[in-house]
Amino acid sequence: MSPYVAPDAITRVAVVGAGAIGAAWATLATARGLDVVVADPAPDAEERLRSTVDRQREQLPPRETAGRTGDLTLVRDVAEAVRDADLVIEAGPERLDVKREIFAAADAAARPDVLLTSSSSGLTPSSFQDACTHHPERLLVAHPFNPPHLVPLIEIVGGSRTDAAAVDAAMATFAHLGKHPIRINAELPGHVTNRLQAALWREAYDLVARGVVTVADVDTAIASGPGLRWALYGPFATQHLSGGPGGIGHVLEHLGPPMLDWWADLGQPELTPELCRTIAAQTDDAMAGQDLDEVTRRRDEALQALLALKAASGIDAPADTHPAAGPAAGSAAGPGPGSAAGQGGSHA
């Protein structure tokens with residue numbers, strides 16, 4: 001039996017931070033009938049929070065809403081927010097000193113059976129886990145993808161002192177909240193999804209820097225090309241489907257050698273002030289004459305329609321229920337993150 005609050009027993013969620021990510025978490029949780037207490041000391045936090053949550057609730061599909069809308073309360077103090085919570089979600093600034101301060105307070109005030117999760121997009125949990133002097137084993141990263149009230153992905157990453165039960169509980173808890181969790185088996189800067197994005201951005205920035213294509217060309221290449229397929233099945237499954245009866249094995253056999261040449265030729269751009277200005281200017285030109293609020297609204301509507309289409313087509317990705325992945329071929333064997341042997345030593 002898990003030492004942490006069962007997903008269906010959660011009735012009250014504490015969210016630390018009323019910014020874009022914190023507000024989206026509040027939207028999702030209250031729409032599912034959970035009471036939410038948000039901690040944020042900013043004088044205008046409550047007005048911004050309620051305005052954002054009211055707007056975002058209207059975007060949620062019926063499957064994301066419960067019969068009862070949860071209560072939304074704002075307080076200034078972290079300890080007050082987490083004291084009676086069944087789940088804690090930190091969504092504060094992406095600064096290590098701030099994370100450490102928040103989690104020291106949350107760890108001291110929250111019940112021992114409550115998960116402490118961070119929405120950090122790139123900081124590793126071990127970098128602030130030692131700020132928890134009471135129960136560091138229940139701290140982990142649960143990184144959502146923007147906008148988190150609509151995009152179902154969430155990355156679960158344990159730190160060096162996170163226990164296996166906490167990782168398992170987080171996987172189950174966020175799946176219960178309608179997310180599609182993936183278990184990250186090592187602590188890496190940027191986790192996984194942002195690293196995949198960074199790999200694409202690196203090549204895109206280099207191509208623009210060399211004048212091969214414009215910013216607009218890159219966006220068209222992805223949005224009108226592989227991005228359409230990736231949104232349905234992801235890069236590996238897309239490769240597998242393109243291989244016909246032989247699947248991805250056939251693709252690797254025939255395209256693997258030339259792909260090695262492509263890899264060797266990929267760029268290593270420097271993000272110079274000149275390149276930053278070029279990218280910003282070209283992006284401004286490409287978006288000229290468009291109302292960015294309207295573009296965002298259309299994007300969010302399209303996201304909802306795409307998710308509904310995937311669900312109706314039977315290709316909606318399920319929440320991950322698989323055990324932690326083992327070592328890759330050729331890697332050093334050892335206790336897998338999230339395994340019982342990983343307590344206090346391995347990354348989850």
Side-chain angles (χ1 to χ4, degrees), residues 1-19 21-42 45-46 49-50 52-53 57 66 68-93 98-120 125 128-129 131-144 148-149 154 156-159 162-163 165-179 181:
M1 181 176 179
S2 174
Y4 300 102
V5 181
D8 59 1
I10 293 173
T11 62
R12 186 182 181 96
V13 178
V15 177
V16 181
I21 303 302
W25 278 122
T27 298
L28 186 65
T30 54
R32 286 179 164 260
L34 304 177
D35 295 334
V36 174
V37 181
V38 178
D40 195 303
E46 183 160 13
L49 175 67
R50 293 192 182 279
T52 302
V53 169
R57 274 197 195 124
R68 170 189 177 271
T69 299
D71 294 333
L72 179 61
T73 306
L74 188 129
V75 299
R76 298 177 61 86
D77 182 59
V78 172
E80 181 181 355
V82 309
R83 188 167 291 118
D84 297 318
D86 302 310
L87 173 67
V88 175
I89 300 174
E90 177 272 324
V98 175
K99 304 286 188 199
R100 293 179 64 85
E101 182 179 349
I102 288 172
F103 280 107
D107 181 51
R111 298 192 318 267
D113 62 342
V114 173
L115 292 174
L116 304 182
T117 72
S118 172
S119 298
S120 174
F128 49 87
Q129 190 167 34
C132 298
T133 58
H134 298 271
H135 295 283
E137 71 280 355
R138 38 87 173 265
L139 181 143
L140 45 80
V141 163
H143 172 235
H149 65 295
I154 190 164
I156 305 299
V157 193
T162 307
D163 67 22
V167 175
D168 291 341
M171 294 288 291
T173 294
F174 286 102
H176 184 73
L177 291 176
K179 308 300 280 184

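Keep in mind that what you see is a predicted model, and the values were worked out from it rather than measured.
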Value for OG1 (Thr27) from CZ (Arg32), rounded to nearest 0.5 Å, stands at 13.0 Å
Using 0.5 Å steps for rounding, measure from the CD1 atom of Ile21 to the NE2 atom of His149.
10.0 Å
Interatomic distance, Leu87 atom CG to Asp113 atom CG [nearest 0.5 angstrom]
11.0 Å
Would you name the heavy atoms of Val82 and Ala109 that are closest together and state the gap between them?
CG2-CB, 3.6 Å
Qualifying residues under salt bridge (charged side-chain N to carboxylate O under 4.0 Å, His left out), relative to Glu137, sequence neighbours excluded:
none
Distance check, rounded to the nearest 0.5 Å: Ser120 atom OG versus Phe128 atom CZ?
5.5 Å
For the residue pair Asp40 and Leu49, establish whether any side-chain heavy-atom pair is separated by less than 4.5 Å.
no
Contact between Ile89 and Ser119 at the side-chain level, heavy atoms closer than 4.5 Å - yes or no?
yes
What are the two closest non-hydrogen atoms of Pro125 and Val141, and how far apart are they?
CD-CG2, 3.8 Å
Interatomic distance, Asp71 atom CG to Thr30 atom OG1 [nearest 0.5 angstrom]
9.5 Å
Are Arg111 and Asp86 within salt-bridge range, i.e. N to O under 4.0 Å?
yes
Closest non-hydrogen atom pair between Asp8 and His176, with its separation
CA-NE2, 3.8 Å
In terms of heavy-atom contacts, Gly158 and Leu140 come closest through CA-CB, 4.1 Å
Measure the shortest side-chain to side-chain distance between Val36 and Val53 over non-hydrogen atoms and say whether it is less than 4.5 angstrom.
no
On a heavy-atom basis, which atom in Ile102 and which in Glu90 lie closest, and how many Å separate them?
CG2-CG, 3.8 Å
Working to the nearest 0.5 Å, report the span between CZ of Phe103 and OG1 of Thr117.
6.5 Å
Among residues at least two apart in sequence or on other chains, which ones pass ring pair (Phe, Tyr, Trp, His ring centres under 6.0 Å) with His143?
His191
Taking atom types as modelled, is there a side-chain donor on Asp107 or Thr133 under 3.5 Å from an acceptor on the other?
no
State which residues pass ring pair (Phe, Tyr, Trp, His ring centres under 6.0 Å) with Tyr4; sequence neighbours excluded, sorted by chain then number.
none
Check: Arg12 side chain, Asp35 main-chain N or O, donor-acceptor pair, under 3.5 Å:
no
What are the two closest heavy atoms between Leu74 and Ala18, and how far apart are they?
CD1-CB, 4.3 Å
Do Ile156 and Val167 make a side-chain contact, defined as non-hydrogen atoms from C-beta onward lying under 4.5 Å apart?
yes
Any side-chain to backbone donor/acceptor pair from Thr162 onto Gly159? Under 3.5 Å, distance only.
yes
